[in-house]
S.K.: 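Structure below; questions to follow.
Starting from 1, each residue takes its place in the sequence as its number.
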Amino acid sequence: MTAPPDETLTLLLIEDDAGDAFLVEELLNEAENPPKIIWVRSLSESLVRLTDEVRCVLVDLSLPDANGLEALQQVLAMAPHAAVLVLTGLNDSHVGVEAVSAGAQDFLVKQDIDARLLVRAVRYAMERKRADMAQRKLVEAELVTKENSRLEHGLLPVPLLEPGTLHHESRYLPGRQRTLLAGDFWDTVQSPDGAVHVVVGDVCGHGPDEAALGVALRIAWRTLVLAGHTGNDVLHTLDKVLRLERKSAEIFTTLCTMTVNPSLDHARLHVVGHPPPVLIRDGVVEVTPGTPSGPPLGIFPDVDWTPIDVPLGREWSVLLYTDGLIEATVGGGPDLLGTEGLLRLIADQGGVHLDRLIERVIELNEEALTDDLATVLIAKDSRSA
């Protein structure tokens with residue numbers, strides 16, 4: 001009737017009048033696929049019979065232990081998974097309307113039912129219940145999505161940089177769909193002495209665990225920098241945080257940190273198993289020399305990373321990025337863009353224009369990037385005046 005051809009619908013009938021119960025059973029037996037009917041005379045009796053097997057409940061509103069909407073409310077509480085039809089008499093049909101408003105899928109006037117009407121009412125009630133449950137799940141999923149979105153927004157960095165100090169741009173593109181956070185991370189902090197500190201990092205992997213670890217490392221980095229720590233002090237602590245927070249010993253993290261001195265003409269970098277930043281000085285596009293500083297975090301214990309000192313001059317730009325930018329393919333084939341390809345794109349564009357650069361990388365890849373991507377462009381030029 002309302003079950004798949006190879007299944008039989010189980011229906012609970014709560015009716016204290018034996019004659020009415022017999023009539024309902026006879027009418028339902030005329031269905032093409034008659035249901036299995038469990039008949040009980042009261043709500044208390046239905047407690048032991050109302051299992052997950054029951055997909056539909058027909059309930060009279062005049063029972064020995066409950067009347068009216070009270071009876072319906074108890075049934076709805078006991079059987080949230082089942083469709084509920086209310087049986088009423090001619091004199092209380094208005095109660096049936098109230099019952100539908102209270103949560104029943106439909107109501108039937110006993111004196112008016114026949115086999116066709118009853119079978120159709122059960123079928124429609126089942127479909128309404130399915131629709132109601134699907135809508136409820138959709139609303140719940142939307143609420144969870146909105147909550148997750150607010151949470152992820154709250155975990156994204158807001159750069160701490162005095163206005164007019166430097167030109168600063170960032171772009172963040174998680175590889176996972178319908179999410180704001182990924183294992184890649186970035187942050188920018190200006191310390192009280194005027195020095196500007198930047199980090200871009202990449203936790204290996206692409207799931208929510210990696211995203212959570214990336215957030216933990218970013219916040220740890222920001223806290224350490226605000227507390228006045230730099231260089232290997234920061235990296236050793238981040239290495240400890242990674243080892244404590246990661247789910248398995250195979251998880252490692254690459255990152256690049258840059259500290260621009262207060263006069264904004266010199267930078268110290270640590271390239272920790274990470275793609276080297278792109279440096280533009282006097283119109284020349286180049287990879288930061290002297291990289292890398294050492295291996296990624298989480299692989300070797302007791303490592304010291306070599307600082308890389310870079311004179312910047314009066315006007316300069318530095319692009320820090322994760323490997324999602326250079327591991328895009330070229331023409332959809334097996335060849336990757338790579339660092340050299342990135343340098344050519346930047347030279348062709350006459351500098352780093354982040355949106356145009358990322359659009360061009362996606363165009364060359366011939367589809368959306370599947371790897372996470374974090375980029376930070378920081379510059380001292382006419383844009384930072």
S.K.: So which heavy atom on Ser62 is nearest to which on Asn67, and how close?
M.R.: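 Smallest heavy-atom distance, with atoms named: CA-OD1, 3.4 Å.
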
S.K.: What pairs with Asp106 under salt bridge (Lys or Arg N to Asp or Glu O under 4.0 Å), at least two apart in sequence or on another chain?
M.R.: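 Arg128.
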
S.K.: In this structure, would Ile280 and Ile358 fall into the same cluster of hydrophobic residues linked by side-chain contacts under 4.5 Å?
M.R.: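 Yes, Ile280 connects to Ile358 through the hydrophobic network.
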
S.K.: Hey, are Glu363 and Arg360 close enough for a salt bridge, meaning a charged N less than 4.0 Å from a carboxylate O?
M.R.: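 Salt bridge present between Glu363 and Arg360.
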
S.K.: Would you list the pairs meeting ring-ring contact (aromatic ring centres under 6.0 Å, His included) in which at least one residue belongs to residues 207-230, sequence neighbours left out?
M.R.: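 Applying ring-ring contact (aromatic ring centres under 6.0 Å, His included) to every pair that reaches into residues 207-230, excluding sequence neighbours, yields nothing.
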
S.K.: Does Val225 share a hydrophobic cluster with Ile378, counting links as ILVMFWY side-chain heavy atoms below 4.5 Å and allowing steps through other members?
M.R.: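 Different hydrophobic clusters.
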
S.K.: For His81, give me all partners under ring-ring contact (aromatic ring centres under 6.0 Å, His included), at least two apart in sequence or on another chain.
M.R.: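 With sequence neighbours excluded, His81 shows a ring-ring contact (aromatic ring centres under 6.0 Å, His included) to no residue whatsoever.
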
S.K.: Taking the side chain as everything from C-beta on, heavy atoms only, tell me whether Pro292 gets closer than 4.5 Å to His274.
M.R.: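 No, every pair of side-chain atoms sits at 4.5 Å or beyond.
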
S.K.: Given 3.5 Å as the limit, does a donor-acceptor pair link the side chain of Glu210 with the main chain of Gly207, or not?
M.R.: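 Yes.
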
S.K.: Which residues pass the side-chain hydrogen bond (donor to acceptor under 3.5 Å, both in side chains) test with Thr237, not counting sequence neighbours?
M.R.: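 Once residues adjacent in sequence are excluded, Thr237 has no partner under the side-chain hydrogen bond (donor to acceptor under 3.5 Å, both in side chains) criterion.
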
S.K.: With sequence neighbours excluded, tell me which residues meet salt bridge (Lys or Arg N to Asp or Glu O under 4.0 Å) with Arg344.
M.R.: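 Result, salt bridge (Lys or Arg N to Asp or Glu O under 4.0 Å) vs Arg344: none returned.
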
S.K.: Out of curiosity, Glu366 CD to Thr329 OG1, how far, rounded to the nearest 0.5 Å?
M.R.: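 Answer for the CD-OG1 pair, Glu366 versus Thr329, is 7.0 Å.
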
S.K.: Name every donor-acceptor pair, under 3.5 Å, that has one atom in a side chain of residues 132-139 and the other anywhere in the protein, sequence neighbours excluded.
M.R.:
unit_1: Asp132; atom_1: OD2; unit_2: Gln105; atom_2: NE2; d: 3.3

S.K.: Looking only at heavy atoms, which two atoms of His168 and Leu161 are closest? And how far apart?
M.R.: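 Smallest heavy-atom distance, with atoms named: CB-CD2, 3.7 Å.
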
S.K.: Mind checking the CG-CG spacing from Leu85 to Leu118? Nearest 0.5 Å is all I need.
M.R.: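 Result: 8.0 Å between the selected atoms.
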
S.K.: My understanding is that only residues two or more places apart in sequence, or in another chain, count here; which of them pass ring-ring contact (aromatic ring centres under 6.0 Å, His included) with Trp305?
M.R.: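 Testing Trp305 for ring-ring contact (aromatic ring centres under 6.0 Å, His included), a comparison that skips the adjacent residues, returns His236.
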
S.K.: Just to verify, what does Thr230 make a side-chain hydrogen bond (donor to acceptor under 3.5 Å, both in side chains) with, not counting sequence neighbours?
M.R.: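 Thr230: no side-chain hydrogen bond (donor to acceptor under 3.5 Å, both in side chains) contacts found.
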
S.K.: Determine whether Val318 and Val196 fall in the same hydrophobic cluster, where Ile, Leu, Val, Met, Phe, Trp and Tyr are linked whenever their side-chain heavy atoms lie under 4.5 Å apart.
M.R.: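 Val318 and Val196: one cluster.
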
S.K.: In terms of side-chain heavy atoms, does Asp193 have a donor or acceptor partner in Ser191 at a distance below 3.5 Å?
M.R.: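 Checked: Asp193/Ser191 side chains pair up, N/O donor to acceptor below 3.5 Å.
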
S.K.: Hey, any chance Val199 and Leu269 share a hydrophobic cluster, counting ILVMFWY side chains that come within less than 4.5 Å of each other, even indirectly?
M.R.: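 The answer is no; the residues belong to distinct hydrophobic clusters.
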
S.K.: Thr259: what forms a side-chain hydrogen bond (donor to acceptor under 3.5 Å, both in side chains) with it, not counting sequence neighbours?
M.R.: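 Only His197 meet the side-chain hydrogen bond (donor to acceptor under 3.5 Å, both in side chains) criterion with Thr259.
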
S.K.: Is there a donor-acceptor contact under 3.5 Å from the side chain of Tyr172 to the main chain of Asp184?
M.R.: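 Such a contact is found between Tyr172 side chain and Asp184 backbone.
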
S.K.: Shared ILVMFWY cluster between Ile219 and Val189, side chains joined below 4.5 angstrom?
M.R.: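 No, because Ile219 and Val189 fall into different hydrophobic clusters, even though each may have its own neighbours under 4.5 Å.
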
S.K.: According to side-chain hydrogen bond (donor to acceptor under 3.5 Å, both in side chains), who are the partners of Thr253, at least two apart in sequence or on a separate chain?
M.R.: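 side-chain hydrogen bond (donor to acceptor under 3.5 Å, both in side chains) list for Thr253, sorted by chain: empty.
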
S.K.: Kindly list each side-chain donor-acceptor pair under 3.5 angstrom involving residues 9-22, sequence neighbours excluded, with atom names and distances?
M.R.:
unit_1: Thr10; atom_1: OG1; unit_2: Glu53; atom_2: OE2; d: 3.2
unit_1: Glu15; atom_1: OE1; unit_2: Lys110; atom_2: NZ; d: 3.0
unit_1: Glu15; atom_1: OE2; unit_2: Asp17; atom_2: N; d: 2.9
unit_1: Asp17; atom_1: OD1; unit_2: Gly19; atom_2: N; d: 2.9
unit_1: Asp17; atom_1: OD1; unit_2: Asp20; atom_2: N; d: 2.9
unit_1: Asp20; atom_1: OD2; unit_2: Lys110; atom_2: NZ; d: 3.2

S.K.: Compile the donor-acceptor pairs under 3.5 Å between side chains in residues 335-343 and protein atoms, sequence neighbours left out, one pair per line.
M.R.:
none

S.K.: Is the count of non-hydrogen atoms from other residues, nucleotides or ligands lying under 6.0 Å from Arg55 atom CZ greater than 12?
M.R.: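 Not buried by this count: 12 neighbours or fewer within 6.0 Å.
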
